[in-house]
Amino acid sequence: EFSTTALQQCVKVAIEQPKGISAGLSQAFQQITQDQLESIHQKEWRVLVFTLCFFHITLIERNRFGSLGWSVPYDFSTHDLTASMSFLYNYLYTDVKRGISWTTIQYMLCDVQYGGRVTNLFDSKILSAMGENWLVEELLDGASGFTFAPNFRAPDFSTIDEYLKYINGLPSETPAQVFGLQSNAEISANLVASTRLIESLSEIRHNRESSMDYQRDRSNTVMLATRELIEKLKQTFDLASAESLKRLPVTPLTLFLRREVALIQNLISAVVLCCKRLQEIVSSGSVLSDEFQNIFTQLSMGKVPSEWVKISWGGSGFGFWTESLLSRVAQLQTWMLKGAPKCFWLPGFLNPKALVSVLKQEYIRPHAPAWTLDSVGIRVDVTKHSGEGHFSSEEGVYYLSGLYLVAGTWDRAACQLVDPPHKNIYNPLPVLRLLCMNATPPDVKCFMCPLFRDTRKTHENFIFNITMRSEQASDTWVLR
């Protein structure tokens, strides 16, 4: 064990994975010897070695695209590549003459060797889609013109030097399409990196700037922001609205509404209390605690305090978050005064997943106890409505709005999912039609697009799948 003093004087040295397919492949092949490449003389071995290295680097490179690449960041290492290469060697050495079972290779690499690290269901689908697209018979057929992406093929060379020469000739900048992503993913990743850099520089400036005028300006900014927020939240729920809520009949939808109102009221109370307490501390000139220091710093930078995000939702800025809060309150007030809307603004609820269960309960109420919640399925389709217009009142049919597509856009004329325009990262989705049925929804040959509460693609944030027709294969959209 080393003392704290000794550790503080040490310099940490770390080896980072090189960026880009070319640099990553070059590093991978420098660790492969000529003897390893010649250990099996068949072409299948050499092509699969290159494919495995390409596959490995692609998995690593997807990390830099954030949630578009992987729902959860994964630390794929050289050990994964070594273990996978050992499997390929043992498999081909014994079975290559009897023919290659691509299903076996796909399973071992995507479900066992690399899949053992993957903990997210949606990431497992990405890994499987990559295996089904790349680990196929066409890989060994030179006449098929197989490529991982334009200008990226799986060559067959007899020496390491030839492979390195080919790798050095690859483009230094790797487009997002090579990793199965859409071109806008590169823009999104660069925006995130730029935002983090700017925020880091701003925090450094805030922490190091000590002039009285600068600190006074920060205090004035925070006092003004909190004062305006308190003023806007004063009349969020008036007495008439509260009384109208009590008069509503007791139904699953009413119980859901009451729960949402309670959650919003608790959020507003916590925010107002925090703002008033912060104003008192700043006005008195007292020393801020760590918690209030973080809130003060984030408000002075125009950011949403992390303490508020924990009990609400994320936002790109304080102003956007405030407007979102007021819009959510307006939806609940309208519901209390005028009844349930014909089209629900889904992002306006703190627990949108619960709304889906409540709608199913509303559907089975007239048929209870013959029908149960477990026996009712749902199918969600995209309509041509943009938010306004006539909505049918069929039994078990509900409408949802306010959603966006990432890495794709909806063609209203053709009623299908298509590639988005360049630089359009978030594309509005038309109104959704949610159909409840007392049966399992039939299988359809369409892309089942997952809907998440926010950009974190986790099981907790997953709400439901949307049935979307597309001329492109489903794997294309899964990889995005």
Side-chain angles (χ1 to χ4, degrees), residues 12-28 54 56-77 117-120 122-123 126-127 130 149 152 170-209 294 297-306 309-310 313-321 324 404-409 419-427 452-458 461 477 479-480:
K12 181 180 178 180
V13 179
I15 301 176
E16 293 187 358
Q17 177 70 27
K19 294 183 179 180
I21 288 290
S22 179
L25 283 174
S26 179
Q27 184 187 63
F54 192 96
H56 174 78
I57 302 303
T58 300
L59 299 185
I60 295 175
E61 284 293 302
R62 285 183 70 100
N63 276 322
R64 68 184 179 90
F65 294 96
S67 60
L68 292 178
W70 296 112
S71 304
V72 180
Y74 298 105
D75 186 22
F76 296 113
S77 65
R117 285 186 179 272
V118 175
T119 57
N120 183 280
F122 304 100
D123 289 340
I126 292 174
L127 202 55
M130 292 178 68
F152 290 88
L170 294 175
S172 56
E173 295 293 331
T174 310
Q177 292 89 331
V178 176
F179 313 114
L181 300 169
Q182 209 269 335
S183 59
N184 288 336
E186 191 77 41
I187 300 174
S188 181
N190 291 336
L191 282 174
V192 171
S194 301
T195 302
R196 287 177 179 172
L197 176 61
I198 294 173
E199 289 180 351
S200 299
L201 293 175
S202 299
E203 288 179 4
I204 292 173
R205 178 175 178 245
H206 280 288
N207 293 333
R208 293 193 175 185
E209 184 66 59
N294 290 334
T297 301
Q298 290 168 333
L299 285 175
S300 66
M301 297 171 62
K303 298 169 63 177
V304 185
S306 54
V309 173
K310 291 178 182 177
W313 56 89
S316 57
F318 178 72
F320 177 82
W321 185 89
S324 177
Y404 289 83
L405 276 171
V406 179
T409 190
D419 289 328
H422 187 55
K423 296 184 180 180
N424 285 24
I425 298 176
Y426 299 101
N427 301 279
F452 299 95
R453 180 182 174 185
D454 52 39
T455 55
R456 296 170 297 173
K457 298 186 296 183
T458 61
N461 285 333
W477 301 107
L479 291 173
R480 297 181 180 182

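- The shortest non-hydrogen separation linking Pro420 to Thr409 is CA-CG2, 3.7 Å.
- Separation of atoms CH2 (Trp70) and CZ (Phe65) is listed at 12.5 Å; rounding is to 0.5 Å.
- Taking 4.5 Å as the limit, some side-chain heavy atom of Ile187 sits within range of a side-chain heavy atom of Lys423.
- Put simply, the residue from Val406, Thr455, Val192 that forms a side chain to side chain contact (heavy atoms under 4.5 Å, CB included) with Ser67 is Thr455.
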Q: May I have the step-by-step check of side-chain contact (heavy atoms from CB on, under 4.5 Å) for Leu127 and Leu59, ending in yes or no?
A: CA-CA 8 Å; Leu127 202 55; Leu59 299 185; 3.5 Å; yes
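- Between Asp419 and Arg480, at least one side-chain nitrogen of the basic residue sits less than 4.0 Å from a carboxylate oxygen of the acidic one, meeting the salt-bridge criterion.
- For Phe318, there are no ring pair (Phe, Tyr, Trp, His ring centres under 6.0 Å) partners two or more places apart in sequence or in a different chain.
- Once rounded to the nearest 0.5 Å, the distance linking CD1 of Ile21 with CZ of Phe152 reads 6.5 Å.
- Taking CG of Leu405 as the start and CH2 of Trp477 as the end, the distance is 8.5 Å to the nearest 0.5 Å.
- Remark: side-chain polar atoms of Gln298 are not paired, donor with acceptor, to backbone N or O of Lys303 under 3.5 angstrom.
- No donor-acceptor pair closer than 3.5 Å links the side chain of Asn461 to the backbone N or O of Phe452.
- For the side chain to side chain donor-acceptor pair (under 3.5 Å) condition, the pairs that include at least one residue of residues 179-189, sequence neighbours left out, are Arg64-Glu186, Gln182-Asn184.
- At least one donor-acceptor pair closer than 3.5 Å links the side chain of Thr195 to the backbone N or O of Leu191.
- Between the side chain of Ser26 and the main chain of Ser22, no donor-acceptor pair closer than 3.5 Å is present.
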Q.
Pair Val72, Phe122 - check side-chain contact (heavy atoms from CB on, under 4.5 Å), show working.
A. CA-CA 10 Å; Val72 180; Phe122 304 100; over 6 Å; no
Q | Working for side-chain contact (heavy atoms from CB on, under 4.5 Å), residues Asn427 and Tyr404 | A | CA-CA 5 Å; Asn427 301 279; Tyr404 289 83; 5.9 Å; no
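- Rounded to the nearest 0.5 Å, atoms CG (Asp123) and CZ (Arg62) are 8.5 Å apart.
- Judged by distance alone, the side chain of Thr297 and the main-chain N or O of Asn294 form no donor-acceptor pair under 3.5 Å.
- Among all heavy-atom pairs drawn from Arg117 and Phe76, the shortest one is CD-CD2, 3.7 Å.
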Q. Between Gln27 and Ile57, does a side-chain contact (heavy atoms from CB on, under 4.5 Å) hold up when you go through it step by step?
A. CA-CA 10 Å; Gln27 184 187 63; Ile57 302 303; 5.9 Å; no
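- Distance check, rounded to the nearest 0.5 Å: CG of Leu68 to CG of Leu479 gives 12.5 Å.
- With hydrogens and angles disregarded, a donor-acceptor distance shorter than 3.5 Å links the side chain of Asn120 to the backbone of Lys457.
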